[in-house]
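Data first, discussion second: the structure below is written as structure tokens.
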Amino acid sequence: MPFGIAAMLARGASRAERRRRRLLACCAALTTFLMLGAVNLVMIRGTVQTDWAGLVAEEGLRPGTALALVLLVIPVLALVHQSGRVAQATQERRLAALRLAGATPGDVRRLAAVEAVRIGAAGAVSGGIAYVCAQRAAMAALGVHHTGRYAIALWVVPFVLVLVAAAAAAVSLLVSRHVVTSPLHVARRGTRPRPRRAALIPLAAGVALMVVSTFVPWLDLGHSLLFLGAAAALLGVMTGSSRLVLEAARLTARRARTPETLLAARALEGDPRATGRTMAVVGLVVAFGTGAGVIEWDVFHNASTADAPIGSFWLVSFGLTYAALLFALLVAVTALVVHRAEALLENGRSMAVLAASGVPMASLRRAAARQTLIAATPVCAVAALATLLGMAPELVIGPSPLMVVWTVGRALLMVALAVAAAAAVTAASGRLLSRAAAPEHLRTE
Amino acid sequence: MSPLLHARGVAKTFGRTRALRDASLSIDAGEVVAISGPSGSGKSTLLHCLAEIVVPDEGEIHYGGTRVDELDEDARTRLRREAFGIVFQFGGLVPELTAEENVAVSLMFRGTDRAEASAAAREWLERVGVGDCAALRPGELSGGQAQRVAVARALATEPAVIFADEPTGALDSVTGEEVLGLLLGAARERGATVVLVTHDNRIAAYADREVVVRDGVVSDVPAVAR
Amino acid sequence: MSTPQILLALLAERPKHGYELKREHDERLPGAKPLPYGQVYSTLQRLERDGLVAVAEVVQENGPERTVYELTPKGEERMRAWLAETEPPLPYVGGALFSRVVMALVAGGDARAGLDRQRAAHLERMRELTRAKTAPGASVAEVLAADYALLHLDADLRWMELAVRRLADLTKEISR
């Protein structure tokens, strides 16, 4: 029975709703693709000597590559979560109407889950097909001989597809726990707890560990302490990003001298979680990028002291790393656009009123850009610093000037890149803002 | 003396709906004018045209003797910022800002520094009777309190013209009249002009003069027609 | 009219003479038609005849003689009974405005123009009342009286707006 109603609902969806569904199906397809890749890698046995394809061909490196693929699912999940929140805003009215028509809260939740499974399954199937086809095509293009050795076993594919569809349902239920539908209206649980200060403990502990370890360089412990501290700090960035964003917003709001900064900081303060989640992903990208920079330094340094050319293994590996980082950044930044759209959907009217009372659009755009900067800068900076100290303790213990320039430069570059990407998205979503602030939103009838 | 605000033959179409067909009216400086008419008659559109928020398709709008409907967006934004104050039916306050910040921000956008703007904002909130709500956010205010904050925001910049679009529409009649009384009292004290859109005759009676919009056409009702 | 009952209610406070009653009537009910002194006098006499009020004393303070009246127990009872009654809610639809619009159509006049003129007159009166009630120093009784009138005028105006919209149908019905 719920399948029939779900199908009816699916047919009558609005354009925005369709767009959201396409996005979700895309996410499911991407997740399937990445998961299949990871499973595929884990299932290959034995080592083959190659110049450049070591990440796939060597037994010892494959788990790491598989882990990287699984990690890439994280930004996709962040995007799913964000578009799930937009869905609440548009779906709420529909769900309330269903409650009026006699559906129980359980029915409504089941309907949402059925819909999620439908979208998830559609995405998973296309992702699975895409993976199998892409692998065949890639192997043909690269001239791989033992295709049977590397090709994914087809019997695994359905398992992964079912897993992804089930995960879609689970995520939909998870998101809907913040929505209470009554027949008359749907209330988002307004008083969601603010991110706790305790979430910053790993970050604080990590930084403390790193500081302590720099004072005990004579101990062998120094190195491992520094690494431990960096790992804790990085974990802290993930768990504490929302709180970090909140603290940054509070600090900025208190000091704000221009109205744009004040608006930006207060908007973040009002809803630090959504931005925090996205920024955690961006921070992760910065951390991996900085780490890659440190490894690069080692590789280049060794190559130049040994006066040997850099192996193609490294070049391919770096290339793939950057491709993965770019992908993660793109997905994270898309999540940011979706979040921005959601925020404008909710607060568009107050923007329209500000514009009507003579605030130039440029000011509103500036406020939006500052909002991104306030959130992105601390998270990215802490992520870069923690990685740098954790992976290159020589920086504090016995730095060589060239190394400092190279690694710190790379870290700064990553931070700048991430912040710029986030800011660019905000600038690009200016059209959304203009539309939200259009005078049509002033009409109340 | 030429009128402060003057519209001639203004027409505006949204998609297929003709919101205004032929609207002409003159408003003198210091006057309080009510624009009334049934819902959907185009009265809000007329207000938006007069306030330079939307550009009319046809006709002319003059403010202070200069034609303003032909100005570019920047110039019209500047005019709105410098000369106009606006109050809407549902406050339209920024939800994340406190009441005080909502008022202060509109001053800050006009170049006042934050400390000075905050002090002025507190003073205005005091004047409209919500001084003790300064630290609350719009979600924590009642409808009447939020509308008082919106009034304070519009008045704080000391505009020459205040546009009010159904400012009491969401309030009960006693609260509505109190809010309107505050708005008009402060405006009259400073000699500001007020343009008030309302469908409520008792609110329209607060004005010096009433203009009726019917099916997008404006008729200037003579003050006395006995 | 409820003049006798109003006088009884005013006397509930303490015994008063005729001129006092007139003054208090006009003060407590601002905006109402002022009570002519002659009517106070004749009403008091009728109330005395029915045993609802009685003469308490006759005083003379450097002027004419004044008769002070007081409420009798029977008068008190009558006044309380009146206060407890409900006002019949508009038993007959009437009013000069209603009759004038319908008759304008019956006699073939221009009802629309008449309605527009009436609307302007109503609004002018509403502005006058609003000015009076928002004037600094207006008493609560004056504000309440103005609100009473404003709400009634508003009801008239809304009826007129309806009438304008239904004018075509009404014309058709009458000319049938």
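Every chain is numbered from 1 and lettered A, B, ... according to where its sequence line falls, protein lines coming before strand lines.
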Residues Glu101(B), Leu262(A); criterion side chain to side chain contact (heavy atoms under 4.5 Å, CB included); working and verdict: CA-CA 9 Å; Glu101(B) 285 167 346; Leu262(A) 183 60; 4.0 Å; yes
Within 6.0 Å of NE2 in His199(B), more than 12 heavy atoms from elsewhere: no
From CA spacing to verdict: side chain to side chain contact (heavy atoms under 4.5 Å, CB included), Ile86(B), Val353(A): CA-CA 8 Å; Ile86(B) 300 186; Val353(A) 169; over 6 Å; no
Spacing of OG1 belonging to Thr258(A) relative to CZ belonging to Phe109(B), to within rounding of 0.5 Å: 8.0 Å
Proximity breakdown for Ala253(A) and chain B, heavy-atom pairs closer than 4.5 Å: backbone
From Asp74(B) atom CG to Met361(A) atom CE, the distance as rounded to the nearest 0.5 Å: 12.0 Å
Closest contact, heavy atoms only, Arg266(A) versus Arg114(B): NH2-NH2, 4.4 Å
Enclosure of Arg67(B) CZ (heavy-atom neighbours >12, cutoff 6.0 Å): yes
For chain B, the option from Ala355(A), Gly270(A), Ala265(A), Ala362(A) that forms the most heavy-atom pairs under 4.5 Å: Ala355(A)
Residue pair Arg81(B) / Val359(A), side-chain heavy-atom distance below 4.5 Å: no
For chain A, which residues of residues 131-158 of chain B have heavy atoms nearer than 4.5 angstrom: Arg137(B), Arg153(B)
Heavy-atom pair count under 4.5 Å with chain B, highest-scoring of Ser357(A), Pro360(A), Ala356(A), Ser363(A): Ala356(A)
Side chain to side chain donor-acceptor pair (under 3.5 Å) partners for Glu73(B), two or more places apart: Arg76(B), Thr77(B)
Contacting region of Ile53(B) [heavy-atom separation from chain A under 4.5 Å]: both
Engaged part of Leu268(A) at the chain B interface, taking heavy atoms whose separation is under 4.5 Å: neither
Arg257(A), CZ: over 12 other non-hydrogen atoms inside 6.0 angstrom: no
Nearest atoms (heavy-atom pairs only) where Leu93(B) meets Ser350(A): O-CB, 3.4 Å
